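Model, not experiment: these values are computed from the prediction.
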Protein chains: 2
Amino acid sequence: MAKKQNNSLSGVKEIARRAKVSIATVDRVMHNRKGVSEATKDKINAIIKDMGFQPNILASRLASKKMNRFLVIIPQSLENEYWEASEKGIDRAYSEIRQYGITLDKLFYDLDSRESFSEIIHQVSVDTYDGVLLAPIFFDEGVRFAALCKQQGIPLVFINSDIPGEESLSYIGPHLFKSGYQAGRLINYGLKNGEVLIVNISTEMDTYHHLLRKEQGFRAYFQDHGDVDLALFKLDIRDTRDEFIEKELHAFLQQHPTIGAIFVTNSKVRAVAKYFEKFRIEKILVGYDFIRENIHYLQEGLIDFLIGQKPEEQGYTGVMHLFQHIVMGAAIEKQNFMPIDIITKENYEFYRN
Amino acid sequence: MAKKQNNSLSGVKEIARRAKVSIATVDRVMHNRKGVSEATKDKINAIIKDMGFQPNILASRLASKKMNRFLVIIPQSLENEYWEASEKGIDRAYSEIRQYGITLDKLFYDLDSRESFSEIIHQVSVDTYDGVLLAPIFFDEGVRFAALCKQQGIPLVFINSDIPGEESLSYIGPHLFKSGYQAGRLINYGLKNGEVLIVNISTEMDTYHHLLRKEQGFRAYFQDHGDVDLALFKLDIRDTRDEFIEKELHAFLQQHPTIGAIFVTNSKVRAVAKYFEKFRIEKILVGYDFIRENIHYLQEGLIDFLIGQKPEEQGYTGVMHLFQHIVMGAAIEKQNFMPIDIITKENYEFYRN
DNA sequence: TTTTTAAACGGGTACGTACCCGTATTAACA
DNA sequence: TGTTAATACGGGTACGTACCCGTTTAAAAA
């Protein structure tokens, strides 16, 4: 069963023995510190390569006692299941790596307040951190913050939404355009007759911009499949209160009774489902995010498909990327798109966000 | 940036100081070894609880040098992408935990040969292992092996297919019935007219049994949704060669030209797609597994949906469960169903198996 | 040549825990 | 009371790596 190890022919000690130098010198080479002649450096590197030597991370972390500080800046998760999941993923990652000497600070901003974000990035001293995870909802401020990190040489990981041109360690999040494209397919596949309506529900301009990308993907699907010549209607709702949404929807659908399917570009699909329930409307309904109310309407059969964006995994992966890069010195994929998950009444119970 | 730790008010040393005993005694209590009086044991336990002490796993593993041996028994992955993925997941998990002093042996049997499996379980000395991961394709032999492990007190994890009544640490794999149910939904949602055909392609009885569970789920969907009164046809093909499959399919479809959708209960869906391609047939086609050929036909638009069973994750999770339980002493979920992933032409590029 | 100075390297200790081995303490029995 | 034997405990070393500090060696300057 559980036995003891035997090998003393591995590790830095063995390398030192083979190279006829001390452990300290091997160590210097491994961390490319100065104080080693080119000759011995080459010899040691050759031996390391030959042995396929992998340093013992346990011993390494134990001995170094190096502490790394990570900073996380995400929207408040209060009453927001999506960001709650994201934070959960962050916490899960943290619990796995804290024993490696990581500390993690979390800062939250208000999803509806650009100022709250601005405030945070002005108050925090980024240079006290070794890595930052950011959900850059607000574009301009995000750009400024990224520039700051770059200048300080601090690795920055984006989750949920990307700021393309900006330098960053990696992006982890959905491919908005293609998830909209996927929604197009799902609706086109099932639609027997009638027209299609796209609904954007948002008050903030920045978040609206994300919805537009999904809408573009959605429209692209129907353009690419012109065999079905279908009218695509669009409705922008600038208020997130249920009554307001209901009113706008109702007005629109009175005017366009032939609508057969609705695509809601975010998690507010629940409000549309609620409206459907109230007026006993049966249309194809597709929206976003694995959150309680949406799942409820999925069960009820009012929502046909939800597209999941894996916020939990985004948070987890984001922190892990920082860890892999900063602590383990590993190379990181620059673009890391989440899978476009299709959630239905039949498979939601097995779904992992 | 990266600084040093400061705390010397944690760890066994601090416990020893508070309890006015030596580190060795604290250690004895923590591993409940004998040689400690009840009084001091209680005192130390109280302090541990009070401090909320968590032993440093790094130091612990480093010092103990305890080796754990895991055994993995799965089908040969040669020319089988599904099991190839599974093995990849196992290897990924192994590479993450090997530094904790784990060694892992892999044994492979032939998916088409019950004897090859029988042979393995008779030759291996299970008692030299601390945990076993098994893909129990062959039912009876699986039962026997599970009994053996139970008798020896060795934790056993099943992946891919479960042996219900049997004692095991956990099961990790798909919910066959519900994945079939999901397929039913997908077909019913998209089917404009025509009838539905279920195709089982398998030569081995044991694997056929798994297909049956999916078929049952599929049928259940149509029973639960009687509003669509639809004929469900069924075709069993007992040979996995493409020509044979083509012939059987062709014969059947000549007789039943009104079939509008086909559900193939395993990864052999590629053969049906190939047939569709050859004869330029356009019907809804749903099948299983994220493997190269299937993806190809997905791209071509010949397969509409693939249901993924996450073999890579199954393998990974399986090994990790053993590790969590045996090394970390953590509690493990007994049932661990994989998500029922829906893969389409639009989202396959982001899919992770 | 001698002195200065930097480069190149080795010795040794520490990280937090595991566990061997030896000793002090106490109980049990002759 | 002395002897034995178990019980209770402490000292100390090891795990593999990091890194401080000191010493040797060689090159440059005097």
Side-chain angles (χ1 to χ4, degrees), chain A residues 2-45 48 51 53-68 98-102 327-329, chain B residues 2-45 48 51 53-68 98-102 327-329:
Chain A
K3 287 170 194 167
K4 296 280 178 171
Q5 265 177 357
N6 47 338
N7 55 330
S8 60
L9 29 65
S10 71
V12 283
K13 210 148 49 182
E14 170 66 10
I15 298 175
R17 197 185 62 76
R18 292 203 202 180
K20 298 196 186 72
V21 294
S22 76
I23 294 176
T25 300
V26 175
D27 189 72
R28 273 184 276 262
V29 172
M30 286 183 44
H31 299 82
N32 40 274
R33 267 170 297 199
K34 60 170 192 171
V36 187
S37 68
E38 281 302 315
T40 51
K41 185 188 287 186
D42 290 346
K43 191 188 347 180
I44 289 171
N45 275 326
I48 288 177
M51 287 175 57
F53 170 74
Q54 301 258 110
N56 184 322
I57 307 168
L58 281 69
S60 170
R61 276 319 267 192
L62 181 61
S64 79
K65 300 242 61 195
K66 203 170 273 163
M67 293 291 294
N68 289 106
R98 62 179 308 166
Q99 59 181 309
Y100 288 92
I102 308 291
V327 178
M328 316 291 269
Chain B
K3 286 170 194 166
K4 296 280 176 173
Q5 265 177 357
N6 47 338
N7 55 331
S8 59
L9 30 65
S10 69
V12 283
K13 209 148 50 183
E14 172 64 12
I15 298 176
R17 198 185 60 76
R18 290 203 203 180
K20 300 195 184 72
V21 294
S22 76
I23 294 176
T25 300
V26 175
D27 189 72
R28 272 184 275 262
V29 173
M30 285 182 46
H31 299 82
N32 41 274
R33 267 171 295 198
K34 61 170 192 171
V36 187
S37 69
E38 281 301 316
T40 51
K41 184 187 287 184
D42 291 348
K43 195 197 328 185
I44 290 172
N45 275 326
I48 289 177
M51 286 175 57
F53 170 73
Q54 301 258 110
N56 184 323
I57 306 171
L58 281 68
S60 170
R61 271 325 261 193
L62 181 62
S64 79
K65 301 243 61 198
K66 204 170 272 165
M67 295 289 295
N68 288 105
R98 63 179 307 166
Q99 58 182 312
Y100 288 91
I102 308 290
V327 178
M328 316 292 268

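No engagement by B:Lys41 is indicated, since no non-hydrogen atom pair under 4.0 Å with the nucleic acid exists. In this structure, A:Asn56 reaches the sugar-phosphate backbone alone: every heavy-atom distance under 4.0 Å involves primed, P, OP1 or OP2 atoms, never a base. Note on B:Gly11: only backbone sugar-phosphate atoms sit closer than 4.0 angstrom, heavy atoms only; bases stay farther off.
Contact annotation: B:Arg61 side-chain N/O to C:dT17 OP1/OP2 distance is not under 4.0 Å. Phosphate proximity of C:dC15 to A:Lys66: absent, as no side-chain N or O sits under 4.0 Å from OP1 or OP2. Between A:Ser22 and C:dG10 there is a side-chain polar atom (N or O) within less than 4.0 angstrom of OP1 or OP2. Residue B:Ser60 places at least one side-chain N or O closer than 4.0 Å to OP1 or OP2 of C:dA18. Listed pair B:Ser37 / D:dC9 meets the phosphate criterion, a side-chain N or O lying under 4.0 Å from OP1 or OP2. One finds a side-chain N or O of A:Lys65 lying less than 4.0 angstrom from the OP1 or OP2 phosphate oxygen of C:dG16. The shortest distance between the side-chain N/O atoms of B:Arg33 and the OP1/OP2 oxygens of C:dC19 is below 4.0 Å. In this structure, A:Thr40 does not reach the C:dA8 phosphate: none of its side-chain N or O atoms is under 4.0 Å from OP1 or OP2.
Side-chain contact check for B:Lys41 versus B:Thr25: every heavy-atom pair is 4.5 Å or farther apart. Proximity of A:Ile57 to A:Val327: side-chain heavy atoms (C-beta onward) are nowhere separated by under 4.5 Å. Between A:Met51 and A:Arg18, some side-chain heavy-atom pair lies under the 4.5 Å cut-off. For the pair B:Phe53/B:Val12, a side-chain contact is recorded, criterion being any heavy-atom separation below 4.5 Å from C-beta on.
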**OP:** Treat primed atoms plus P, OP1 and OP2 as sugar-phosphate and everything else as base, then score nucleotides 23-28 of chain D 5' to 3': B for base contact with protein heavy atoms under 4.0 Å, S for sugar-phosphate contact only, - for none.
**Re:** ------
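The two atoms that bring A:Ile15 and A:Ile48 nearest to each other are CD1-CG1, 3.7 Å, heavy atoms only. Closest approach of A:Arg61 and A:Gly101 over heavy atoms only: NH2-O, 3.8 Å.
Each of B:Gln54 and A:Gly35 has a nearest nucleotide on DNA chain C; the 5'-most of these lies closest to A:Gly35.
One can place OH of A:Tyr100 at 15 Å from C1' of C:dG16, the figure rounded to the nearest angstrom. Atom-to-atom, NZ of B:Lys34 to C1' of D:dT7 comes out at 9 Å; the value is rounded to the nearest Å. As a whole-Å value, the separation of B:Met51 CE from C:dG16 P is 12 Å. Regarding B:Arg28, its CZ atom lies at a distance of 11 Å from the C1' atom of C:dC21, rounded to whole Å. As a whole-Å value, the separation of B:Arg17 CZ from C:dG16 C1' is 16 Å. Regarding A:Glu38, its CD atom lies at a distance of 15 Å from the C1' atom of C:dC9, rounded to whole Å. Taking atom CD1 of A:Ile57 as the reference point, atom P of C:dC15 lies 22 Å away to the nearest angstrom. C:dT17 atom P lies 7 Å from atom CE of B:Met30, rounded to whole Å.
Checked against B:Val26 for a side chain to side chain contact (heavy atoms under 4.5 Å, CB included), the options B:Val36, B:Thr40, B:Ile44 give a single hit: B:Ile44.
Closest contact between the side chain of A:Leu62 and the listed nucleotides D:dT7, C:dC15, C:dT17 involves C:dC15. Checked against D:dC9, C:dG10, C:dC19, the side chain of A:Ala24 finds its nearest nucleotide in C:dG10.
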Original post:
Could you go step by step and tell me if A:Lys43 and A:Val21 meet the side-chain contact (heavy atoms from CB on, under 4.5 Å) rule?
Top reply: CA-CA 10 Å; A:Lys43 191 188 347 180; A:Val21 294; 5.5 Å; no
